[in-house]
Amino acid sequence: MNDTMSPPHPNRSRAMPSERLRPLLGASTPMARPRLALPEAVQQGQCTVVSVVAPAGHGKTTLMAQWMTALRQKACACAWLTLDESDNDPARFLRHLIAALQRSGIHAGDATLAHLSDTLASQFRSVTESLAMDLSSSPHRLMLMLDDVHVLHEETVLDIIDWLLHYAPNQIQITLGSRSDLPWRLGSLRVRGLLHEVDQRQLLFNAQEARHFCDQHEGIHLNDDDFQLLLSKTEGNPTALELACIILKSHSTDAAQTSRWIEQFVNHEDDTVDHLCHELRRHQAPVWRQLVSSLSMLTRFDAELAREASGLHDSGHLLTHLQSIRALLIPTDGSGQTCRLHELPRSCFKAHFVRHAPDEARQVLIRSANWCWQQGEHEEAMGYSLEAQAWELAAPWLAACMPDIAQKQGELQLALHWMNNIPAEWLDRYPQIRIDYAFALSFFPQKPEVATQLRALHTIRQRLAQSDTPDARTIDQIDCAMAFQRVLSLGLTDQGHPARHAARDWLARWPHAPALQRGIVGNVLCFGYKTTGELDEGEQMAQLARTWLEQDHAWYGLAWNASLEAVLHLKRGSYPLARAACLRGLQVIDHHMGGHRTHASVHHTLLAALDYEADDLASAQRHMDHSLDSLAQYGGADILIVGWLTRARLRFAQHDIEGGLSVLHEGRTLALRRGLPRVLVSLVAETCVQLCRAGRHTEARTLARSQGLEVFPLSVNEQPDNPFQDLLGGIQADRAQRVAARLLLPGKPAQVFADLTGPIARCAQRGLIRKQIELLILQAVAAQAGHRKPDARQALSQALTLAAQHDHVRIFKDDEAALRPLLTGWKPSAQLPEAVHALWQKLSKPARAAQPVSEDQDAPQHHGLTPREVAILQRLASGLSNKEIAEAIFISEGTLKWHLHNIYGKLGSKNRTGALTQARAIGAIQ
């Protein structure tokens, strides 16, 4: 089953707060600092990473903003993103990152945005891969500036930035502003001269800068002794000097008073900034202290929220006092209507307020939370209510916004953060919170949060059931949610038999559940029917599930449904119907899901297999190029089987036996690592078949024995209604029939002919066209080897008749060596349809020397290389090893070798040196 599928609603991203996409600077004009001018190595693009690390108040943001201005003057695009704690949600971080890139003029991330509502940490590899492909295709130089990266701690977000630092395309530079040491490995960048570092020592004002800074404050005149004392005490910290200057303005008319204050300040042993904030607060009117204390509790505010939070409802006084603290404010929008306090004094004011008036501070948060909720600013409301520990507000609000945050926006880390901050007894009063969160996690059954929420729901259910007046409606909702979770888990972990059983039970018990949920469970049942070989029932359920999903406009579910239906038809061998289902799925993805690359990759993988079977190898390769390599990391078993088989068969079609075997070996290794026995058995069987075709029967027999495929089973034991049937029961026997028949052919063709009669009849009875054709081909070859020419011709005639109806061509060409004597010595009878004669003529033509798969006609480059292949060539040119290139583009080394094989074939080269020479000659790379 395809576990790339997602919650049923497309992403509805909210507008990105504009203040996050530009430097947040204070109201005063930043002072020029020539010694910290943009370094030449950064300006020319030689340094790809810049770090600016210093505690709060040292001017990191100001310096980065000045550099951004200088870069823009040099025609370098610049993207700015100020991070906060909520960016530890990977979906949120990527959404904001893409907004910053697009605001800078870089056309990247549209397809990536479509992933974000259905992606958890285990799948962010594919999302980053999608974004990386966009960045690599952009010709523009870009400086990406990430400020306040110290707030990040979530592993997936850190990994995304680590990739950007080490493997972003050469035209991308990154500047990181942080209050603490960076958590990423930077040693290799430092050694290679790609890293420029700025620390707090460089950011501190020297004497000349400090004197100029103080002189900028009108009315402040310090003698040399006072200035030196002030500089020594503040140590050149820009924020400390700013606060000192604000205080000194009140003493500016009295030089003696100024000197006394500086002397007292220098002799004070408290933290410098804390002491300055205390002094500033002490010299202000009570209403000023009330306003600043209240605003220190807020992350941002406008005049209305400031009035509500502080209780200062006289707008005249409010505006007057807001103006009086102008030097402490940082505008967060273009008009200056929304502001926040400078972070360093804000933290001091807030700590004092919470310490000396905790109840009043809590009431400020509650008033602010209520105001924000009423304004529709639900995230801010949740943040304030949680900080105030106002559970009576936070719990019902979370129940109201959980579907939007978790299911529609995909910000599951944020939702989990909120849940973890609300006491369990309050969460349990609103079971719908856990139900909605569990539903959002349904497509990720391996996440530990799933088990946690299910256990909590089970406990709530037990308590409700044991009460004197059981809440039957809530109990039923919990039962439905838990059963739904089990259905999805069984399907997504490739347990077809129990998934079929659980899905049928769920639909029978909750026939009036929302159409969306019925559609998703119907998809799982469709998968279950496919596993048990009940293809007619599977096709009927696919159509019914599609009807339910269409009622809810559940585009993700419909794309998934189309791929499931395609797999059903593919298993049967009805290739035209499978192709139609894939094209329908791609239409949904293009029209309603923003071209969602992950979902589209599933359909392209299936189309590659269909084109291969139709002997259109060039088109098959094009579809494989459209599939994301990261599908190998999380794709469902069916997609993995189809993808690895097609990739290997394309190599075999070029007579590259060792290359094809290498692809299959990598796929088997992946199957073992991910614990996917069905994938393993399928790829082992294909390897055995290919070894037999190459005459390497001893190797094939040894490998077949490892999976019990060396003995021909006379029956396939399938029990559809047994949910506990061994997963490999029918699959292993099915593969064994194909493998053992080939192993027996050289020595016992008569036995093979006889043994295949029963399985061929069963295939005909069950409508398994593809398998029936394959077994008929084997029976024809066995009859020919046993000198039973009439039987051989009859079997071949039946195979050709079936194949002509359903677009099967390659299945004959793959066994061309064994079929050649039979094809050349026989002609179909006149009574057979014209399509059979046409297929026979196509197969009877002498085989031409295999050519490398032709170029991607859909790619815009005239040289025939796909964007992916050009990106690999660019990495080759940079001198990276195969391992480094594979890590940079999210693939295994084996998959990289697959791409290199295709590149060398297109360029007519045998190694990377020759490929780079030819690529430069045709203008593919510089």
Side-chain angles (χ1 to χ4, degrees), residues 562-563 565-587 600-627 638-639 641-656 660 663 686 689-690 693 763 767-777 796 798-816 819 823 828 832-858 902:
S563 67
E565 185 177 341
V567 170
L568 280 166
H569 293 311
L570 191 64
K571 180 172 182 176
R572 186 189 293 278
S574 300
Y575 294 159
L577 293 177
R579 186 179 301 276
C582 283
L583 295 177
R584 187 182 75 247
L586 285 175
Q587 187 177 36
S601 293
V602 171
H603 292 79
H604 282 298
T605 299
L606 295 170
L607 286 169
L610 293 168
D611 283 335
Y612 177 84
E613 295 291 353
D615 200 32
D616 188 348
L617 304 189
S619 182
Q621 180 61 63
R622 287 197 293 273
H623 284 298
M624 288 304 297
D625 289 338
H626 280 292
S627 67
D638 290 314
I639 300 305
I641 291 170
V642 171
W644 288 100
L645 288 181
T646 305
R647 183 175 285 184
R649 287 169 179 173
L650 285 169
R651 297 289 284 270
F652 289 124
Q654 299 174 44
H655 303 314
D656 181 6
V663 170
E686 180 71 10
V689 168
Q690 297 294 347
R693 285 172 176 158
C763 286
L768 298 175
I769 301 163
R770 206 272 182 194
K771 183 181 177 184
Q772 184 181 358
I773 294 172
E774 181 180 1
L775 297 184
L776 282 168
I777 290 173
L796 181 60
Q798 292 177 11
L800 287 169
T801 301
L802 278 173
Q805 297 171 6
H806 298 279
D807 205 19
H808 292 248
V809 179
R810 194 71 214 181
I811 193 169
F812 295 93
K813 288 194 172 185
D814 288 341
D815 277 311
E816 188 171 27
L819 284 173
L823 286 169
L832 290 175
E834 183 61 32
V836 177
H837 287 267
L839 177 57
W840 172 78
Q841 289 177 349
K842 182 186 296 186
L843 297 173
S844 298
K845 293 179 181 178
R848 294 181 298 173
Q851 299 295 323
V853 177
S854 62
E855 68 271 12
D856 185 349
Q857 300 296 331
D858 295 331
N902 294 331

*asked:* Nearest 0.5 angstrom please: Leu796 CG to Leu843 CG, how far?
replied: 8.5 Å
*Could you tell me which non-hydrogen atom of His603 sits nearest to which non-hydrogen atom of Ala562, and how far apart they are?*
NE2-CB, 3.8 Å
*Quick one: closest heavy-atom pair of Ala620 and Leu650, and the distance?*
CB-CD2, 4.1 Å
*How close do Ala566 and Leu606 get, heavy atom to heavy atom, and via which atoms?*
CB-CD1, 3.9 Å
_Check against side chain to side chain contact (heavy atoms under 4.5 Å, CB included), Thr646 and Thr605_ = CA-CA 8 Å; Thr646 305; Thr605 299; 5.9 Å; no
_Would you say that Asp611 contacts Leu617 through its side chain, given a criterion of any heavy-atom pair below 4.5 Å between the two side chains?_
no
*Counterpart residues, salt bridge (charged side-chain N to carboxylate O under 4.0 Å, His left out), relative to Lys813 (two or more places apart)*: Asp615
*Taking atom SG of Cys582 and atom NE2 of His623, what is their separation to the nearest 0.5 Å?*
8.5 Å
*Answer yes or no: is there a side-chain heavy-atom contact under 4.5 Å between His806 and Arg770?*
no
*Check whether any side-chain heavy atom of Arg647 sits under 4.5 Å from a side-chain heavy atom of Met624, and report yes or no.*
yes
*Can you find a pair of side-chain heavy atoms, one from Leu570 and one from Leu610, that are under 4.5 Å apart?*
yes
*Are Glu613 and Arg649 within salt-bridge range, i.e. N to O under 4.0 Å?*
yes
*To the nearest 0.5 Å, tell me how far Ile639 CD1 sits from Ser563 OG.*
6.0 Å
*Closest approach of Thr801 and Val836, non-hydrogen atoms and distance?*
CA-CG2, 3.7 Å
*Take Leu586 and Leu607, measure what side chain to side chain contact (heavy atoms under 4.5 Å, CB included) needs, and give me the verdict at the end.*
CA-CA 11 Å; Leu586 285 175; Leu607 286 169; 3.6 Å; yes
*Please report the shortest heavy-atom distance between Ile769 and Ser574, naming the atom on each side.*
CD1-OG, 3.8 Å
*Salt-bridged, Arg810 to Asp616, with N to O below 4.0 Å?*
no
*Of all the heavy-atom pairs spanning Gln772 and Cys763, show the shortest one and how long it is.*
CB-CB, 3.7 Å
*Report the distance from atom CD1 of Ile811 to atom CD of Glu774, rounding to the nearest 0.5 Å.*
5.0 Å
_Centroid separation under 6.0 Å, is that true for the rings of His808 and Tyr575?_
yes
*Judged by modelled atom types alone, do Asp814 and Tyr612 share a side-chain donor-acceptor pair under 3.5 Å?*
yes
*Any side-chain heavy atom of Leu823 sitting closer than 4.5 Å to one from Phe812?*
no
